[in-house]
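Note that the structure is a prediction, hence the values are computed from the model and not measured. These values consider heavy atoms only, across backbone and side chains, with no hydrogens, waters or symmetry-generated copies.
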Amino acid sequence: MPANRQIALLDHYRQSARDLPWRYPPGHDGPRDPYRVWLSEIMLQQTSVATVTTRFARFLERWPTVEALAAAPLDDLLAEWAGLGYYARARNLHACAQAVVAMGGFPDSEAALRQLPGIGDYSAAAIAAIAFGRPATVIDTNVERVIARLHALDRPVRSDRKRIRALADDLYSGAPAGEMAQALMDLGATICRPANPACHLCPLSTDCAAYASGDPASFPPRPPKKVRPERFGTAWWIRRDDRLFLVRRPARGMLGGMAALPGPEWQDGAPPACKAVSVRHVFTHFALTLRIEERDDPSGLEGWWHPLDRLDEAGLPTLYARAAERMLA
DNA sequence: AACTCGGGGAG
DNA sequence: CTCCCAGAGTT
C-alpha cells in the first residue's frame, strides 16, 4: 500500500524541487525534448549535479539537436567531454546519436531505449519515464539508499538488488514515474544523504525503519573497501617553438580515444625514486605517478603539433592537463 | 559476480 | 586523506 508514501514524496517534491538546467519542473505539461533528457542522464552517470551543471549548457549550445551531435566528428565530442571522465560515455553518446538519427528519432519505450549504446537499466527507465511519461521503475544509487533505509535492509546494496527491485516496483506502482524518480533523487541528494541524513526534514521519516532504529546513516551497510594499487609511467614533453607534440590514445581502454602526451604504457608497482617533475593522479581503481621527461624528437610517433597558447582547446583529460600545467608553470 | 572505467566536490 | 556521485560494458 504505497499510496501514502507516494503522496508524501510527490507533495514534498512539488514544494521543494531543485531547479536544474535539464529538468522540467514538477507539473510541466508541455512537450519534452528527449535529446535533453538523454544527454543529461548520460552526463550524470557517476557524475555529480554540480559538475554537470557547469558543462551541460555549453554542450547543448554547441550541439542543439541529436542530428547535430550525430554529424559531429567524434574527436570534437571527446574534446568537449574532456575532464568529465568515463570517456566511454562520450564514445557511446556519439554511437547512440547516430543510431537514433538512423531510426528517425528516439524510441519511446524502456525496452527499445535499453538496446542503445550507453543506455543501461537505469538510463532506459529514466528516459522512458521523464521524457516520455512511461511507467518505469527508475533505480539509481539514491533510490537504492532510500529504499534500504525505509526497510532497514541489512545487506550491502550490491548483494540485495533483487529485493530492492521488488520494493522499488511497489514504491513506484501506479504513480507518475518521472516525478517519482526525480522526487526520490532529490530526497537522496538533499535529505536522505549518505552521511548526516536530515531526517527531521524528511516526508517519509515516520514510515522509515532506519529512522526508527536510531542510526539511519548505518543503512545500507557499506562493503569493505579494497586497497588501491600503485602504477607509474612516463610522459614525453616534446616542444618546438610554441607548439607541443600530442598523440591520440588507443580507441578503447583507459582514457580511450583522448588526446594525450606521448609515452610508453604505464606499469604496475610503486614509482622508482626520481627527482624529475612528476604528477600524481588518483583514478578509481589505481593511483598513478607520471614522470615527465623532456625530449626534442617525435620521430616514430604518430601525432600532431598543438599551439601551446591554445592547449586548453586540445581536449586533454585532467591527468595530462595537470602535467602540462606543471611544465608551463 | 567481479572488474574496468575519471574526476571533482564535500566532509 | 576518504567517500560518493541520476552507471554501463566486459569478462
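Taking side-chain N and O atoms only, A:S40 has no distance below 4.0 Å to OP1 or OP2 of C:dA6. Checking the phosphate oxygens (OP1, OP2) of B:dA2, no side-chain nitrogen or oxygen of A:K226 falls inside 4.0 Å. One finds a side-chain N or O of A:R322 lying less than 4.0 angstrom from the OP1 or OP2 phosphate oxygen of B:dG8. Not one side-chain nitrogen or oxygen of A:H281 sits closer than 4.0 Å to the OP1 or OP2 atom of B:dG6. Put simply, A:T47 has no side-chain N or O that comes within less than 4.0 Å of OP1 or OP2 on C:dA6. Close to B:dG7, at under 4.0 Å from its OP1 or OP2, lies a side-chain N or O of A:Y87. The side chain of A:R252 contributes no N or O atom lying less than 4.0 Å from OP1 or OP2 of C:dG9. Contact between the side-chain N/O atoms of A:Q46 and the OP1/OP2 oxygens of C:dG7 is found at a separation under 4.0 Å.
The distance between atom OH of A:Y86 and atom P of C:dA8, rounded to the nearest whole Å, is 12 Å. Look at CG on A:D140: it is 7 Å from P on C:dA6, rounded to the nearest Å. The CZ atom of A:R193 sits 19 Å away from the P atom of B:dG9 (whole-angstrom rounding). What separates CD of A:Q45 from C1' of B:dG8 is a distance of 17 Å, to the nearest Å. Straight-line distance from the CZ atom of A:R222 to the P atom of C:dC5: 11 Å, rounded to whole Å. Whole-Å rounding puts the A:L78 CG to B:dG6 P distance at 11 Å. Rounding to whole angstrom units, CG of residue A:D121 and P of C:dA8 are separated by 7 Å. In this entry the distance linking CZ of A:R55 with P of B:dG7 reads 11 Å, nearest Å.
Within the 4.0 angstrom heavy-atom criterion, base atoms lie near A:R18. Residue A:I139 is classed as having no contact, given no heavy-atom separation below 4.0 Å to the nucleic acid. Residue A:W81 is classed as having no contact, given no heavy-atom separation below 4.0 Å to the nucleic acid. Residue contacts shown for A:R145 are limited to sugar-phosphate atoms, with no base heavy atom under 4.0 Å away. Looking at heavy-atom distances under 4.0 Å, A:L84 makes contact with a base. If you check every strand for non-hydrogen atoms under 4.0 Å, A:G256 touches nothing. Residue A:M254 is classed as a sugar-phosphate contact, given heavy-atom separations below 4.0 Å to backbone atoms only.
Here the nucleotide nearest the side chain of A:F283, chosen from B:dA2, C:dG7, B:dG7, is B:dG7. Comparing B:dG6, C:dC4, B:dG8 by their nearest atom to the side chain of A:T51 picks out B:dG8. Checking B:dG6, B:dG7, C:dA6 against the side-chain heavy atoms of A:T284 singles out B:dG6 as nearest. The side chain of A:P194 lies closest to C:dC5, out of C:dC5, B:dG6, C:dA8. Checking C:dC4, C:dA6, B:dG11 against the side-chain heavy atoms of A:L44 singles out C:dA6 as nearest. Out of B:dG7, B:dT4, C:dA6, the shortest distance to the side chain of A:L255 is found at B:dG7.
Taking atom C1' on both C:dC3 and B:dG6, the two are 15 Å apart, rounded to the nearest angstrom. Between B:dG9 and C:dA8, the two P atoms lie 23 Å apart (nearest whole Å). Distance noted for atom C1' between B:dC5 and C:dC5: 14 Å (whole Å).
A:T47 and A:R55 share no side-chain donor-acceptor pair at under 3.5 Å.
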- Task: Check step by step if side chain to side chain contact (heavy atoms under 4.5 Å, CB included) holds for A:W304 and A:L246.
- Result: CA-CA 6 Å; A:W304 68 94; A:L246 298 180; 3.8 Å; yes
- Task: Begin from the C-alpha positions of A:D121 and A:R161 and carry the test salt bridge (Lys or Arg N to Asp or Glu O under 4.0 Å) through to its verdict.
- Result: CA-CA 12 Å; A:D121 291 341; A:R161 290 248 152 78; over 6 Å; no
- Message: For A:H281 and A:F283: C-alpha separation, side-chain torsions, deciding distance, then whether ring-ring contact (aromatic ring centres under 6.0 Å, His included) applies.
- Response: CA-CA 6 Å; A:H281 198 75; A:F283 295 102; 4.8 Å; yes
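Taking the six-membered ring where the residue is Trp, A:F245 and A:W305 present perpendicular rings, their angle passing 60° and hence far from 30°.
Between A:G253 and A:R158, the residue whose closest nucleotide on DNA chain B is further toward the 5' end is A:R158. Mapping A:K225 and A:I130 onto DNA chain C by nearest heavy atom places A:K225 closer to the 5' end of the strand. Map A:G188 and A:N92 each onto its nearest nucleotide of DNA chain C; the residue landing nearer the 5' end is A:G188.
One cannot find a donor-acceptor pair under 3.5 Å joining the base of B:dG8 and the side-chain atoms of A:S48.
Within the 4.5 Å cutoff, side-chain heavy atoms of A:R145 are placed close to those of A:P194. You'll find the side chain of A:I130 reaches within 4.5 Å of the side chain of A:E41, heavy atoms only.
Counting non-hydrogen atoms of other residues, nucleotides and ligands closer than 6.0 Å to CG of A:D296 gives a total of 12 or fewer.
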